[in-house]
2 protein chains.
Amino acid sequence: MSLASFYANAPRHLVAVDCIIFGFEDGKLKLLIIQRKVDPLAGAFSLVGGFVQENESTDHAAIRVLRQTTGIRDIFMDQLRAYGDAGRDAGARVISLAYYALIRISEHDKLLAQQHGAHWLSLHQIPELIFDHNEMLRDALERLRDRAKFHPLGFELLPEKFSLPQLRNLYEEIYQRPLDKRNFRKKILAMDILEKLDEKDKSTSKKGAHLYRFDRKKYDALTQHGFVFEI
Amino acid sequence: MSLASFYANAPRHLVAVDCIIFGFEDGKLKLLIIQRKVDPLAGAFSLVGGFVQENESTDHAAIRVLRQTTGIRDIFMDQLRAYGDAGRDAGARVISLAYYALIRISEHDKLLAQQHGAHWLSLHQIPELIFDHNEMLRDALERLRDRAKFHPLGFELLPEKFSLPQLRNLYEEIYQRPLDKRNFRKKILAMDILEKLDEKDKSTSKKGAHLYRFDRKKYDALTQHGFVFEI
DNA sequence: CCAAAAGTGTTGCTCTTACACCCATGC
DNA sequence: GCATGGGTGTAAGAGCAACACTTTTGG
């Protein structure tokens with residue numbers, strides 16, 4: 001078969017990206033949900049999404065769609081997988097690539113996102129979403145849990161400076177189970193990947209909790225010598 | 001924006017599936033590689049691939065492509081992820097969904113696959129592949145290792161009846177490191193998910209090794225009570 | 001001075017790892 | 001009878017989980 005016919009005879013498809021955006025605020029793991037603007041199902045709750053353009057990498061499409069629909073930029077983002085059932089989108093046959101992202105809510109413009117019709121909802125507040133978006137969300141949460149166990153993803157969700165109680169609280173949210181505070185401290189500090197600062201966060205107690213910073217250089221150096229992060 | 005223009009104005013893309021097929025034979029983990037039939041790069045080594053058709057789910061496309069190009073059917077298959085860089089395919093802009101699959105080489109028709117121009121190559125024999133197929137393969141191997149650690153995937157690669165030395169050999173191949181035979185036996189048998197048969201495999205020793213069968217019913221039952229497989 | 005959250009060590013137990021010899025049989 | 005791979009148990013050490021009291025300070 002000639003080059004022309006091999007490629008030219010193949011069918012073409014709409015390809016979308018949908019973003020599962022995780023944030024952490026007020027001690028809760030949250031998700032960014034928008035209300036859909038177009039029919040069918042205009043007004044229904046949805047993940048942030050959009051179409052992949054000509055000559056645009058799918059990774060770039062995910063970044064662009066997130067920026068255009070919420071104003072959010074410069075965040076951790078990774079592909080989850082493709083969702084390709086023939087009837088998954090009620091409007092047309094669309095193959096969707098799901099991306100999950102982690103953002104520091106405090107460092108982004110909440111107002112801007114809200115102006116775009118986006119809401120931060122905690123895990124237990126998530127409504128029925130359109131199409132297979134609830135399934136995407138379930139899969140993303142599973143991936144987040146899998147990956148956060150062996151990779152320092154958590155720090156993407158916290159402000160640059162954070163306390164150990166805050167960090168523990170984050171992992172308790174991710175895994176939805178209590179973690180022993182002494183064992184947690186021991187484990188984290190033993191890794192020697194945090195820099196202890198001369199500052200305290202007094203927002204949650206009178207005594208105040210020491211602030212730390214994730215030291216990515218140290219982490220990368222350790223990783224090259226076989227070290228594996230584990231929560 | 002109206003329904004019509006929202007979907008109709010979006011660009012359409014060629015969407016392919018590419019399959020990373022793992023097998024296990026002669027004590028080696030192997031991969032199914034074909035020689036590409038079309039230009040550009042006709043004759044070069046490649047994964048098995050093809051285009052997603054109209055109204056065809058992507059999962060179905062992967063199964064169909066594998067069957068059509070190699071005659072192989074009814075195997076374990078799971079999506080890896082999408083590869084969507086704009087210039088990844090030299091012939092046209094193609095978004096590719098990679099699927100990895102596990103097959104029992106002994107139960108499939110080797111001849112049929114060979115007639116389709118497919119070769120089983122062991123990990124160390126893999127040549128330069130077209131486009132980003134080497135990257136797909138690396139990612140698939142990583143996924144296989146991740147998943148095989150906590151899920152009973154290995155049995156998909158072995159014949160229905162297998163010996164413990166065979167099983168250990170398989171995991172040694174997957175992880176490319178030696179496993180202590182006493183500890184391995186202990187761990188596997190302690191899970192109580194294998195059925196010991198009254199048969200021996202004498203093909204590799206004079207004494208003969210007992211044959212076992214994976215008991216999926218038992219495994220499923222245990223899993224429902226919180227049991228987690230781990231190698 | 002008291003309420004509320006931060007910070008701190010020890011112990012038992014489980015799991016993992018390392019390791020060497022006998023067994024069965026075909027030739 | 002001997003070479004070859006199959007099969008078996010134990011002990012030491014590492015890692016994990018459970019657990020309660022003291023410290024700090026704003027109000």
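Heavy atoms only: backbone and side chains are in, while hydrogens, waters and symmetry mates are out. Just so we're on the same page: letters track the sequence lines, and every chain starts at 1.
Here the side chain of K186(B) is nearest to one of dG5(D), dT10(D), dT8(D), namely dT10(D). Closest approach to the N183(B) side chain among dA18(C), dG6(D), dA6(C) is made by dA18(C) (side chain taken as heavy atoms from C-beta onward). Each of dA18(D), dT25(D), dG9(D) was ranked by its minimum atom distance to the side chain of D180(A); first place goes to dA18(D).
No salt bridge links E142(A) with K149(A); every basic N to acidic carboxylate O contact stays at or beyond 4.0 Å.
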Discussion item. Side chain to side chain donor-acceptor pair (under 3.5 Å) for D59(A) and Y99(A)? Distances and angles first, verdict last.
Written reply: CA-CA 8 Å; D59(A) 288 357; Y99(A) 282 75; 2.6 Å; yes
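Taking atom CD1 on I188(A) and atom C1' on dC16(D), their separation rounds to 15 Å, with Å as the unit. In this structure, R185(B) atom CZ and dT10(D) atom P are separated by 16 Å, rounded to whole Å. Taking atom CG on L167(A) and atom C1' on dA6(C), their separation rounds to 15 Å, with Å as the unit. Between the C1' atom of dA14(D) and the NZ atom of K187(A) lies a distance of 13 Å, rounded to the nearest Å. K206(B) has its NZ atom 15 Å from the P atom of dG1(D), to the nearest Å.
Counting distance only, with no hydrogens placed and no angle test, the side-chain atoms of K207(A) and the base atoms of dA6(C) include a donor-acceptor pair under 3.5 Å. Between the side chain of R182(B) and the base of dA20(C), a donor-acceptor pair under 3.5 Å is found. Checked by distance alone, K181(B) brings a side-chain donor or acceptor within 3.5 Å of a matching partner on the base of dG7(D).
F162(B) has its ring centre no less than 6.0 Å from the ring centre of F214(B).
Listed pair H210(B) / dG6(D) fails the phosphate criterion, with no side-chain N or O lying under 4.0 Å from OP1 or OP2.
Relative ring orientation between F22(B) and Y100(B) is described as perpendicular, the plane-to-plane angle rising above 60° on a 0-90° scale split at 30° and 60°.
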